[in-house]
Number of protein chains: 2
Amino acid sequence: MQRHHLRHTSFREQVLLMFLENPKIALSQSNIESSLEAFDRITLYRTMKSFVSAGVLHKAIDGGEELKYALCHEDCNPSQHNDDHPHFLCQKCGSTYCLDDVHIPSFQLPDNYKLLDIQLAISGICDRCNVHLTCNL
Amino acid sequence: MQRHHLRHTSFREQVLLMFLENPKIALSQSNIESSLEAFDRITLYRTMKSFVSAGVLHKAIDGGEELKYALCHEDCNPSQHNDDHPHFLCQKCGSTYCLDDVHIPSFQLPDNYKLLDIQLAISGICDRCNVHLTCNL
DNA sequence: TTATATTTGCAACACAATTGCATTTAATTG
DNA sequence: CAATTAAATGCAATTGTGTTGCAAATATAA
């Protein structure tokens, strides 16, 4: 399962399973805590840090208050993260989605600015909530 | 100066002047604190919150660790912020710039996703640092 | 099965941010 | 211009978040 040079423990397995169940949904630390019956805050901090530096999870900047994490692509590794997709925060249900299929369009930076990294955070209403809204009308 | 229904105080004036000196540069709270000779952290918290909700400053998401603030456009008000420009974080000097002139190109969201807000955080090397780098070569 | 190195969990700590409240200050009114 | 009122300030105390140190537990390798 985790041959990213990480040891297999039951705690890590529990956390990782939560992400594998919904591969494109980002979770905050409080999201994870509320789903774990017994958890240790400190261990969770270190688990997340290990996962990120190992290339298993990436930080999902969604413009919201909470920092969230989401599963990396297969080709991510400790030295090179490859998660340059937008993140979408639903203002209704609070879920954050990885929009892997949405390509970030290119744009023109001012002169002498050198681009190294892009993060696109989109918010609005997700497909699920949108369906519910239109049904209720 | 601040007819956004905010009272004029010397503290607020000091803070606001820092932003007016460099209108397109975003400042974090620690940036501000280090430039004020006498400051009260709590008052600064409340000042920033007042400025944001009054439409004077907006939060500049730059993908960095620190939350930064920058001057709003003229047409921002408490009910409607209008600051949909990218923010650029220089990885060398740590400065954050509002790229007012960079237009965010449109893109295609998945079906039934409704877009309400975009935040584009770009990082790299800014023009100043770029010039210094090339000079030193 | 043993040895070794990593991970875990607890306690203590450091720091950031918030709340309550008395005091001060800015705008308003007569 | 003085008195009034409402908002802003500053301090104390509190809450919350994230970190560090260390002993015990656990996973891998020999």
Side-chain angles (χ1 to χ4, degrees), chain A residues 1-20 26-70 77-79 94 96, chain B residues 1-20 26-70 77-79 94 96:
Chain A
M1 181 180 357
Q2 50 208 108
R3 287 300 169 270
H4 290 263
H5 306 93
L6 282 177
R7 290 199 175 181
H8 174 272
T9 70
S10 76
F11 189 90
R12 285 175 174 172
E13 182 178 312
Q14 282 183 75
V15 173
L16 196 53
L17 277 176
M18 295 183 58
F19 285 96
L20 289 170
L27 299 174
S28 68
Q29 228 159 290
S30 56
N31 289 153
I32 299 170
E33 289 179 3
S34 53
S35 298
L36 293 175
E37 62 287 350
F39 67 93
D40 180 63
R41 249 172 14 99
I42 295 98
T43 305
L44 187 52
Y45 280 123
R46 292 192 269 223
T47 300
M48 303 310 278
K49 193 175 284 187
S50 303
F51 279 169
V52 170
S53 62
V56 178
L57 298 179
H58 63 272
K59 293 181 180 178
I61 311 289
D62 66 358
E65 300 300 320
E66 284 186 316
L67 176 59
K68 294 190 176 179
Y69 299 88
N77 58 65
S79 57
T96 298
Chain B
M1 179 177 5
Q2 48 209 113
R3 288 300 168 271
H4 290 264
H5 306 94
L6 283 178
R7 289 200 176 179
H8 174 272
T9 69
S10 76
F11 189 90
R12 286 175 175 174
E13 182 177 313
Q14 282 183 75
V15 174
L16 196 53
L17 277 176
M18 296 184 56
F19 285 96
L20 289 169
L27 299 173
S28 68
Q29 231 160 287
S30 57
N31 289 152
I32 299 170
E33 289 178 4
S34 53
S35 297
L36 292 176
E37 63 287 352
F39 67 93
D40 181 62
R41 251 166 22 93
I42 295 98
T43 305
L44 187 53
Y45 282 125
R46 291 192 268 224
T47 300
M48 304 310 277
K49 192 175 284 189
S50 303
F51 279 169
V52 169
S53 62
V56 177
L57 298 179
H58 64 272
K59 294 181 180 177
I61 311 290
D62 65 358
E65 300 299 320
E66 284 186 317
L67 177 58
K68 294 191 176 179
Y69 299 87
N77 58 65
S79 56
T96 299

Where do N or O atoms of nucleotides 28-30 of chain C meet protein N or O atoms at under 3.5 Å, pair by pair?
none

What one should report as the nearest heavy-atom pair of A:Phe39 and A:Phe11 is CA-CE1, 4.4 Å
Which distance, rounded to the nearest 0.5 Å, do you find between the CE of B:Met48 and the CG of B:Leu57?
-> 5.5 Å
Between OG1 of A:Thr96 and CG of A:Leu27, what distance do you get to the nearest 0.5 Å?
-> 9.0 Å
Who passes side-chain hydrogen bond (donor to acceptor under 3.5 Å, both in side chains) against B:Arg41, sequence neighbours left out?
-> B:Tyr45
Calculate the interatomic distance between A:Leu44 atom CG and D:dT19 atom C1'; express it in whole Å.
-> 14 Å
Round to the nearest Å and state the distance from B:Gln29 atom CD to C:dT18 atom C1'.
-> 12 Å
Interface polar pairs with nucleotides 10-17 of chain D, N/O, under 3.5 angstrom:
| unit_1 | atom_1 | unit_2 | atom_2 | d |
| --- | --- | --- | --- | --- |
| D:dG10 | OP2 | B:Thr43 | OG1 | 3.2 |
| D:dG10 | N7 | B:Arg46 | NH2 | 3.0 |
| D:dG10 | O6 | B:Arg46 | NH2 | 2.7 |

Value in whole Å for how far the C1' atom of C:dT7 lies from CE of A:Met48 = 16 Å
At how many degrees, to 10°, do the end axes of the helix from C:dT1-D:dA30 to C:dG30-D:dC1 meet when each uses five pairs?
-> 40°
What distance separates B:Ile32 CD1 from B:Met18 CE, expressed to the nearest 0.5 Å?
-> 5.5 Å
Can you name the side-chain hydrogen bond (donor to acceptor under 3.5 Å, both in side chains) partners of A:Thr47, sequence neighbours left out?
-> none
Which residues share a side chain to side chain contact (heavy atoms under 4.5 Å, CB included) with B:Leu6, sequence neighbours left out | B:Gln2, B:Arg12, B:Ser50, B:Phe51, B:Ala54, B:Val56
Atom pairs under 3.5 Å: protein N/O with N/O of nucleotides 27-30 of chain D:
| unit_1 | atom_1 | unit_2 | atom_2 | d |
| --- | --- | --- | --- | --- |
| D:dA27 | N3 | A:Arg7 | NH1 | 3.0 |
| D:dT28 | OP1 | A:His8 | N | 3.0 |

To the nearest Å, give me how far apart CD (B:Glu33) and C1' (C:dA17) are.
-> 11 Å
note: B:His5, atom NE2; C:dA26, atom C1'; distance rounded to Å ~ 16 Å
Using a cut-off of strictly less than 4.0 Å, decide whether B:Lys49 has a side-chain nitrogen or oxygen near OP1 or OP2 of C:dA17.
-> no
Quick one: side chain to side chain contact (heavy atoms under 4.5 Å, CB included) partners of A:Ser28, sequence neighbours excluded?
-> A:Ser30, A:Asn31, A:Glu66, A:Lys68
Return the minimal non-hydrogen interatomic distance between A:Phe19 and A:Tyr69, and the atom names on each side.
-> CE2-O, 3.0 Å
Point-to-point distance, once rounded to the nearest 0.5 Å, from CG of A:Asp62 to NZ of A:Lys59 = 13.5 Å
Partners passing side-chain hydrogen bond (donor to acceptor under 3.5 Å, both in side chains) against A:Gln14 (at least two apart in sequence or in another chain) = none
How close or far is atom C1' of D:dT26 from atom CD of A:Glu13, stated in whole angstroms?
-> 15 Å
